[in-house]
Amino acid sequence: MKFFIDTADVGEIRDLAATGMVDGVTTNPSLILKSGRDINEVTKEICSIVDGPVSAEVTATEAEAMIAEGRHLAALAPNIAVKVPLTWDGLKACKALTDDGNMVNVTLCFSANQALLAAKAGATFISPFIGRLDDIGLDGMELISEIRQIYDNYGFETQILSASIRTVNHVKAAALIGSDVATVPPGVLRKLADHPLTDKGLEAFLSDWAKTGQQILK
Ligand code: G3P
């Protein structure tokens, strides 16, 4: 499973890219607001840090205007994936932008039927929002399973990009189902390596090692 990080904070992106675990980045208008940066400048900078797909979201709501914004965003760097919302206008824009040869990420997906439409529109990625479904008492992971089954039934190549991930358990569940990608907030990515028994075991090894008086490098 690929990991994208869900942030427009270039400091976090540089730091996590150094771990070798970052396969791409996703942004959205809320994350651009949080960064306090100009969308064109920050998106270009992110694309220079990460080789993989960097999602940048259009903000127009009508297809023609979305296509114009999408073409502008796609011209910022070769690794841009234009993000469009899952509306009829967004689906039309998805088709036009993929026909141009761009990667397109269809976002704000909350149902399996929406995901089916996105695949038929040629989306490179579909972004089902797990956490926001959980927030209203539904099961976000059930949606990932349904989309996996539908895409496999028909051989759709659209990649499932599990989004709105809030916990390490979301990451594990998405991986078990076979989500192609998980986009995770930086804090969740960092927590994936944590385990109290790892810390406790390391402490014991280091304590015993100190008692040997040895050094590996002389
Ligand atoms: O990638 C979409 C993500 O940013 C939404 O996450 O936590 O705002 O639902 P959240």
Side-chain angles (χ1 to χ4, degrees), residues 1-60 65-86 90-109 115 118-119 121-129 151 156-165 171 174-175 179-186 188-190 192:
M1 185 169 69
K2 285 175 265 189
F3 286 138
F4 290 178
I5 39 175
D6 199 31
T7 183
D9 180 330
V10 291
E12 291 275 31
I13 294 167
R14 278 185 206 287
D15 196 39
L16 286 168
T19 67
M21 293 292 168
V22 177
D23 301 302
V25 174
T26 50
T27 68
N28 61 38
S30 303
L31 293 170
I32 297 293
L33 172 69
K34 202 169 163 194
S35 77
R37 303 265 315 264
D38 171 80
I39 184 170
N40 293 299
E41 283 172 18
V42 76
T43 304
K44 265 198 226 177
E45 189 173 343
I46 294 169
C47 289
S48 73
I49 303 169
V50 174
D51 292 335
V54 173
S55 291
E57 188 159 344
V58 302
T59 54
M66 284 182 187
I67 294 164
E69 286 185 357
R71 287 182 177 146
H72 169 84
L73 291 170
L76 293 176
N79 53 334
I80 289 284
V82 179
K83 214 170 173 189
V84 299
L86 212 154
L91 292 167
K92 274 192 229 167
C94 173
K95 175 88 175 69
L97 290 164
T98 51
D99 285 351
D100 283 352
N102 300 300
M103 290 187 281
V104 176
N105 177 356
V106 179
T107 189
L108 290 168
C109 171
T124 316
F125 302 104
I126 180 67
S127 291
F129 276 32
Y151 282 9
F156 284 121
E157 288 178 7
T158 299
Q159 296 180 49
I160 302 173
L161 196 172
S162 296
S164 184
I165 281 189
V171 176
S179 180
D180 300 285
V181 190
T183 189
V184 291
V188 172
L189 185 58
R190 289 203 174 86
L192 292 177

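In this chain, numbering begins with 1 at the start of the sequence shown. No experiment lies behind these values; they were computed from the predicted model shown.
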Any heavy-atom pair between the side chains of Ser162 and Met1 that's under 4.5 Å? no

With rounding to the nearest 0.5 Å, note down the distance linking CG in Leu189 to CD in Glu12. 10.0 Å

Is Lys83 paired with Glu69 through a side-chain N to carboxylate O contact shorter than 4.0 Å? no

Is a side-chain donor-acceptor pair under 3.5 Å present for Ser55 with Thr26? no

Contact summary for Thr59 and Pro29, nearest pair of heavy atoms: CG2-CG, 4.0 Å

Do the side chain of Thr43 and the main chain of Ile39 share a donor and acceptor less than 3.5 angstrom apart? yes

With a 4.5 Å limit on heavy-atom distance, are the side chains of Ile160 and Tyr151 in contact? yes

Between Val10 and Arg37, is any pair of side-chain heavy atoms under 4.5 Å apart? yes

Spacing of NZ belonging to Lys44 relative to CG belonging to Leu73, to within rounding of 0.5 Å: 11.5 Å

Any donor-acceptor pair under 3.5 Å from Asp23 side chain to Phe3 backbone: yes

Correct closest heavy-atom pair for Pro85 and Leu108 would be CB-CD1, 4.3 Å

What do the steps show when you test Arg190 against Asp15 for salt bridge (charged side-chain N to carboxylate O under 4.0 Å, His left out), and what is the final call? CA-CA 11 Å; Arg190 289 203 174 86; Asp15 196 39; 2.8 Å; yes

Any side-chain heavy atom of Leu161 sitting closer than 4.5 Å to one from Ile126? no

Are Cys109 and Phe129 packed together at the side-chain level, in the sense that at least one heavy-atom pair is separated by less than 4.5 angstrom? no

As an exercise, state the distance from CD1 of Ile80 to CD1 of Ile46, rounded to the nearest 0.5 Å. 8.5 Å

How long is the gap from CD1 on Ile5 to CE on Met21, to the nearest 0.5 Å? 12.5 Å

Lys2 bridged to Asp180 by N-O distance under 4.0 Å: no

Approximate separation, where rounding is to 0.5 Å, of Thr27 OG1 and Asp9 CG: 12.5 Å

With a 4.5 Å limit on heavy-atom distance, are the side chains of Cys47 and Asn79 in contact? yes

Can you tell if the side chain of Val82 reaches within under 4.5 Å of the side chain of Asn105, non-hydrogen atoms only? no

If you measure from CD1 on Ile67 to NZ on Lys95, what distance do you get to the nearest 0.5 Å? 11.0 Å

Would you say the side chains of Ser127 and Thr107 form a donor-acceptor pair under 3.5 Å? no

Using atom types as modelled and distance alone, determine if a side-chain donor or acceptor of Asp100 lies under 3.5 Å from a backbone N or O of Asn102. no

Over all atoms of both residues, closest heavy-atom pair of Ala119 and Thr158: CA-OG1, 3.4 Å

Can you sort out the partners of Lys92 under side chain to side chain contact (heavy atoms under 4.5 Å, CB included), two or more places apart, ordered by chain and number? Ala63, Asp89

Does any N or O in the side chain of Thr124 come within less than 3.5 Å of the main-chain N or O of Val104, such that one atom is a donor and the other an acceptor? yes

Please test Val181 against Phe125 for side chain to side chain contact (heavy atoms under 4.5 Å, CB included), starting from the C-alpha separation and ending with a verdict. CA-CA 9 Å; Val181 190; Phe125 302 104; 4.2 Å; yes

Mind listing the closest non-hydrogen atom pair of Cys94 and Val84 along with its distance? CB-CG2, 4.2 Å

Does the side chain of Ile165 come within less than 4.5 Å of Asp6's, by heavy atoms? no

